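Keep in mind the model is a prediction, meaning the values are calculated, not measured.
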Amino acid sequence: MLLSSLVSTSSQVAATSGRLAKITLLADLLKQAGPDEIALAIAYLSGTIRQSKIGVGWATLNKAKSYVATTPRLTIQEVDATLEKIAMTAGKGSATEKQRLLSDLFSRATAEEQDFLFRLLTGELRQGALEGIMVEAVAKARDLPASEVRRATMLAGNLGAVASGDVASFKVELFRPIKPMLAKTATDVDEALAELGPASFEYKLDGIRIQVHKRGAEVRVYSRTLNDITGEVPQVVASVKGLKVGEVILDGEAIVLSADGRPLRFQETMKGLGSAVPFFFDILYSDGASLLDQPYSARTKLLPEAHRPPHIVTADANAARSFFDAAIAAGQEGLMAKGLESKYDAGRRGGAWFKIKKANTLDLVVLAAEWGHGRRHGRLSNLHLGARDPNGGFVMLGKTFKGLSDELLEWQTQQLLEKEVKREGHIVYVRPELVVEIAFNGLQDSPHYPGGLALRFARVIRYRDDKKPEDADTIETVRKLHGTGA
DNA sequence: ACTGATGCGTC
DNA sequence: GTCGGAC
DNA sequence: GTCCGACGACGCATCAGT
């Protein structure tokens, strides 16, 4: 199949707003793909490549730009072969060689094809369709219910594999990881209870998600994105080997504990993954049987109790609230709330799981803003945030672009341009006059920012028109917050 | 041997 | 990871 | 309910250049 056919479909998809229309376009292309092409077509049109990573990003792609072909001759198999070569290059001189292979590939591509490859390889396809839409397209092309394709994909771990073959034949299998179930956010336990009724509340541990597969002494550990991280978490492996179970798939979180049993901060956990220990909150498979469709309350009974995070079952808001306070006091991130009757909704966020975290707010000053990309093109989007320095000036604590409606984006662009003092690249520096209320989930030590501190998950709540920069929070306040564990 | 750039992973 | 927009 | 696309923080591995 010619790359140009894919690119043409991609452009049409990008130019179409309706999802159903996108699905039709994609399905039509898939019907034209041969059996040895369809997996590649699916990957490229959902913004992924077969190699998953090839050590090439925006910088390398920019340097590799070269001639433009006039006739589209590249096939998707040729693209795949080149990407495979690039992925395989390693060691001294590999950066140059990757660049050479890329230049060579680009020189055989038309302008539209180069643009497509650039977006594909930077992970910014921007056609308004990725795997979620592609699942529907595969279903349409094969004339199957989308739910069956979705289920097979979750079990196969790969949509391409589902494009051909018997969809009903996919089963839960040891050492083939399943996409983990995700959670929605709730602002407090009351909201979670209102949604779920009686629920299981569990400490939310601030580590990394793990899915552990065990058959006898054989143990493998997978990350949230299904990477095999067995070699990085030896303590998890050792711990699981000690469990008195035969075949099992467990879902949980790995964190590092200090000597007194309190959790280390996330940053420290990342530095010391080798000593991370597992906590398990779900079980997906046991001794030959899938448990995905069992109710949560039944699954949790099969968990190794010694390795569960602290948990209660309650419908009482006061009990849940004090459990939340206990979690925070213990240095944890907050709570998870889970519906007792819920199935394991692999790969989905829509199910009966809620996360409840604690957030702080600060009033900070906008120091600069960056021009947006894509749908934010032409708008000042990413804000540079500073705390007031009592000795004069401001200390930058991070950036955010989140929490802004289109309307607010428009407003802030006008406001900031009026206050512009200089430009450097895509950054517009402004007089520090606008105060903005920022929510965030914690402070981290920063090796990069001047105050040695940075905000985690910062987002805009609202502009504080009622405040002047001299009313903004100071860096001292922020340091104090950091000291209390925020 | 060290530093900075780059890519990619976790959240 | 969070958030807003669009379907 | 769901999906997508805006982009944040750090830590680590690898490679190029000094």
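Using a 4.0 Å heavy-atom criterion, one finds that A:Leu20 contacts no nucleic acid atom at all. Counting any heavy atom pair closer than 4.0 Å across all strands shown, A:Arg375 reaches sugar-phosphate atoms only and no base atom. Looking at heavy-atom distances under 4.0 Å, A:Ser17 makes contact with sugar-phosphate atoms alone, never a base. Among the atoms of the strands shown, none is found under 4.0 Å from any heavy atom of A:Thr400. Residue A:Arg349 is classed as having no contact, given no heavy-atom separation below 4.0 Å to the nucleic acid. Residue A:Glu131 is classed as a sugar-phosphate contact, given heavy-atom separations below 4.0 Å to backbone atoms only. Contacts of A:Ala439 with the nucleic acid, taken as non-hydrogen atoms under 4.0 Å apart, are absent. The residue A:Leu404 sits close only to the backbone: its heavy atoms come under 4.0 Å of sugar-phosphate atoms, none of a base.
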Ring pair (Phe, Tyr, Trp, His ring centres under 6.0 Å) between A:Tyr203 and A:Phe323: does it pass, once the steps are laid out? CA-CA 8 Å; A:Tyr203 280 15; A:Phe323 196 55; 5.1 Å; yes
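Between A:Glu97 and A:Arg100 there is a salt bridge, with a side-chain nitrogen of the basic residue lying less than 4.0 Å from a carboxylate oxygen of the acidic one. Salt-bridge check for A:Asp206 with A:Arg456: passed, with a basic side-chain N closer than 4.0 Å to an acidic carboxylate O.
Rounded to whole angstrom, the span from the CG atom of A:Asn382 across to the P atom of C:dT2 amounts to 17 Å. The distance between atom CG of A:Leu182 and atom P of C:dT2, rounded to the nearest whole Å, is 11 Å. Rounded to whole Å, atom C1' of C:dG1 lies 13 Å from atom CE of A:Met336. One interatomic measurement links the two molecules: NZ of A:Lys402 to P of C:dG1, which rounds to 12 Å at whole-angstrom precision.
For A:Lys184 and C:dT2, the shortest distance from a side-chain N or O to OP1 or OP2 is not below 4.0 Å.
Under the side-chain hydrogen bond (donor to acceptor under 3.5 Å, both in side chains) criterion, A:Asn382 pairs with no residue at all, not counting sequence neighbours.
Aromatic ring pairs are classed by plane angle as parallel below 30°, tilted from 30° to 60° and perpendicular above 60°; the pair A:His213 and A:Tyr222 is perpendicular.
Rounded to whole Å, the C1' atom of B:dA5 lies 33 Å from the corresponding atom of C:dG4.
DNA chain D is contacted by both A:Gly398 and A:Glu195; A:Glu195 maps to the nucleotide lying nearer its 5′ end (nearest heavy atom per residue).
First and last contacting nucleotides of DNA chain D toward chain A (any atom under 4.0 angstrom from a heavy atom, 5' to 3' order): D:dG1 to D:dA16.
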What does nucleotides 4-11 of chain B look like as a protein-contact string, B for base, S for sugar-phosphate only, - for none, at under 4.0 angstrom between heavy atoms? --SSSSSB
